[in-house]
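Worksheet: the structure to be examined is printed underneath.
Just so we're clear, the structure is a prediction, and the values are computed from it rather than from any experiment. Both backbone and side-chain heavy atoms feed into the values below; hydrogens, waters and symmetry mates do not.
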Amino acid sequence: MIQFNALFAGFLALFAAAALTRYALTRVNISHLREHGHLVPETFRDEIDGATLSRMRDYTVESSRFHSLESLFDDALLIAVLLGGVLPWLSDLIEASHLHPVWSGVLFFGTLYLASALLEIPFSLYSTFVIEKKYGFSTITPQLWLIDLVKSFAVSVILMALLFIPFFALIHLLPQSWWFAAWVFFALFQMLMIWLYPLVIAPLFNKFTPVQDETLRERILAMAGNAGLRAEGIFEVDAGKRSRHSNAYFTGLGKSKRIVLFDTLLATHSHDEIIAVLAHEIGHWKLRHLLKQLFAIEAVAFAGFFLVYRLMGWPMLYETFGFAGPLPYTGLLLAAVLLKPLVFFLTPIGAAISRKYEKDADNYVRGLIGSTRFLAQALKRLAKENLANLHPHPAYVAFYYSHPPLAERVARLQAMNGEEVVKVGR
Ligand SMILES: [Zn+2]
């Protein structure tokens, strides 16, 4: 039985505060869009007409309403699971089979993962086959969707086993200092994944073929060379078999990089625009943004592992949430439940750092290719194709946005080239 003590009250208050903040931000963002959504920002005048603008508005409203509903469902489910005593019941069931502590932990988390993966299916179906289809993004067939589901489930199970088995073994073997060992293991695992993901996991879902266009290849290689980067390969990925959303990215550690271009980007953008988008990506690499972000993640993880370790040794945690006694895996889950709303309130810090990095990478483009004109043009095209929200509320931007709002970003890029500086509303 849950004990309605100060700890539980504190948790509920924090949890409710996070849920309300999320809801209020979505509300304010939608009503801001309702109010300003009929205006085309000056910088987009040549690219976007009234019909596109209203599609942008409808898509933003519909998809954010849907995400709101999904997180409301998740919140309600978590509270129901906690109050309904599902977790102590599950752990009693597992303990009754007298498994090795490592396997009990794996079984506990495996069961919870399976349940949440199943519950997510209807949401994924609706988002892919109703919303994304309605706005012309989704190109995926039901067969491919099903194959993806099975594959990603298999990959998750393998990755979880590779993470959780050593993790619970460390807790078992080093009861006092596991948190430090686990942190080192986690950091190494992350590096390994950065290296392995593009080579092993991504090819399970997509086909990567070298870009055939000789002119484009040469321009990319020349630009990468100017920036001091060795392109290990320039690939086209068949992203278009799932969705019309378009993008480009870099993978790999050190100087040697794989450059990946979505087929959807290749199909709709000029060479100049693709070069400009890649110049921006090179900027992230040159300015060591990924490395800095990785260090920040490891620093936060260090504090996080220690905090989880301390929380797990606190008997009141187990009593409050209705457990008979402390167990490593239930302690781990409860610590995660407790920390989740706290982590939510850290979102704006990460978002602000990321927006700063985006501006720096935009600045870098000018130095590398001489002008930001084509990047501005590419961003306008991307905004139109992806039906981006051109009127986000400033509070929503401050909290969530990893990139500066598009109207502001494009205006800034154009101003950098001495083009007419147009004031955009907010
Ligand atoms: Zn960027």
Side-chain angles (χ1 to χ4, degrees), residues 91 94 99-113 116 152 154-202 249-258 284-285 287-315 317-318 326-347 349-351 353-354 357 402:
S91 104
I94 290 173
L99 297 167
H100 187 277
V102 171
W103 295 117
S104 309
V106 171
L107 188 60
F108 183 74
F109 276 93
T111 310
L112 293 181
Y113 169 70
S116 78
S152 58
V155 169
S156 302
V157 167
I158 293 170
L159 289 181
M160 278 179 65
L162 290 177
L163 257 179
F164 278 104
I165 294 171
F167 188 77
F168 285 115
L170 286 173
I171 295 182
H172 185 64
L173 295 171
L174 307 165
Q176 300 307 320
S177 56
W178 65 262
W179 66 274
F180 184 77
W183 172 69
V184 173
F185 171 72
F186 171 79
L188 292 175
F189 189 82
Q190 209 170 27
M191 309 282 181
L192 189 75
M193 283 315 297
I194 292 175
W195 179 56
L196 280 184
Y197 183 86
L199 301 177
V200 178
I201 299 177
Y249 65 90
F250 271 38
T251 58
L253 293 169
K255 269 197 173 128
S256 183
K257 298 276 170 212
R258 280 164 80 93
H284 280 308
W285 172 78
L287 302 167
R288 302 188 186 285
H289 290 160
L290 296 178
L291 204 65
K292 286 179 194 164
Q293 262 161 346
L294 203 61
F295 273 116
I297 289 171
E298 303 317 341
V300 172
F302 184 83
F305 274 110
F306 182 68
L307 204 59
V308 168
Y309 162 70
R310 293 307 298 259
L311 282 172
M312 280 167 65
W314 189 30
L317 182 68
Y318 303 90
L327 284 168
Y329 60 86
T330 55
L332 181 64
L333 184 78
L334 290 178
V337 166
L338 227 49
L339 292 177
K340 195 180 162 218
L342 276 177
V343 171
F344 170 76
F345 285 109
L346 297 179
T347 314
I349 301 174
I353 296 172
S354 172
Y357 285 170
S402 61

Minimum-distance pair of heavy atoms, taken over all atoms of Ser354 and Ser402: OG-O, 2.7 Å
Non-hydrogen atoms of Leu317 and Leu311 that approach each other most closely: CD2-O, 3.5 Å
Main-chain N/O of Met312 paired to Tyr318 side chain as donor or acceptor, under 3.5 Å: yes
CZ-OG1 distance between Phe345 and Thr347, expressed to the nearest 0.5 angstrom: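 OG1 of Thr347 is found 9.0 Å from CZ of Phe345.
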Side chains of residues 327-338: which donor-acceptor pairs under 3.5 Å do they make with residues two or more places apart or in other chains?
{"residue": "Tyr329", "atom": "OH", "partner": "Glu95", "partner atom": "OE2", "Å": "2.7"}
{"residue": "Thr330", "atom": "OG1", "partner": "Leu327", "partner atom": "O", "Å": "3.1"}

By side chain to side chain donor-acceptor pair (under 3.5 Å) - contacts of Tyr197 (at least two apart):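 For Tyr197, no residue satisfies side chain to side chain donor-acceptor pair (under 3.5 Å) once neighbours in sequence are set aside.
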Partners passing side chain to side chain donor-acceptor pair (under 3.5 Å) against His284 (at least two apart in sequence or in another chain): His280, His289, Glu358
Ile194/Leu294 under side chain to side chain contact (heavy atoms under 4.5 Å, CB included): CA gap, chis, key distance, verdict: CA-CA 11 Å; Ile194 292 175; Leu294 203 61; 3.9 Å; yes
Verdict with supporting geometry, Leu163 and Phe189, side chain to side chain contact (heavy atoms under 4.5 Å, CB included): CA-CA 8 Å; Leu163 257 179; Phe189 189 82; 3.7 Å; yes
Pairs touching residues 294-308 that satisfy side chain to side chain donor-acceptor pair (under 3.5 Å), sequence neighbours left out: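 Residue pairs with at least one partner in residues 294-308: there are none.
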Side chain to side chain donor-acceptor pair (under 3.5 Å) contacts in which one or both residues fall within residues 99-109, not counting sequence neighbours: none
Under 3.5 Å, side-chain donor or acceptor atoms of residues 164-181 against the rest of the protein: list the pairs with distances, not counting sequence neighbours.
{"residue": "Gln176", "atom": "OE1", "partner": "Tyr309", "partner atom": "OH", "Å": "3.2"}

Beyond-backbone contact of Lys292 with Ile353, side-chain heavy atoms, under 4.5 angstrom: no
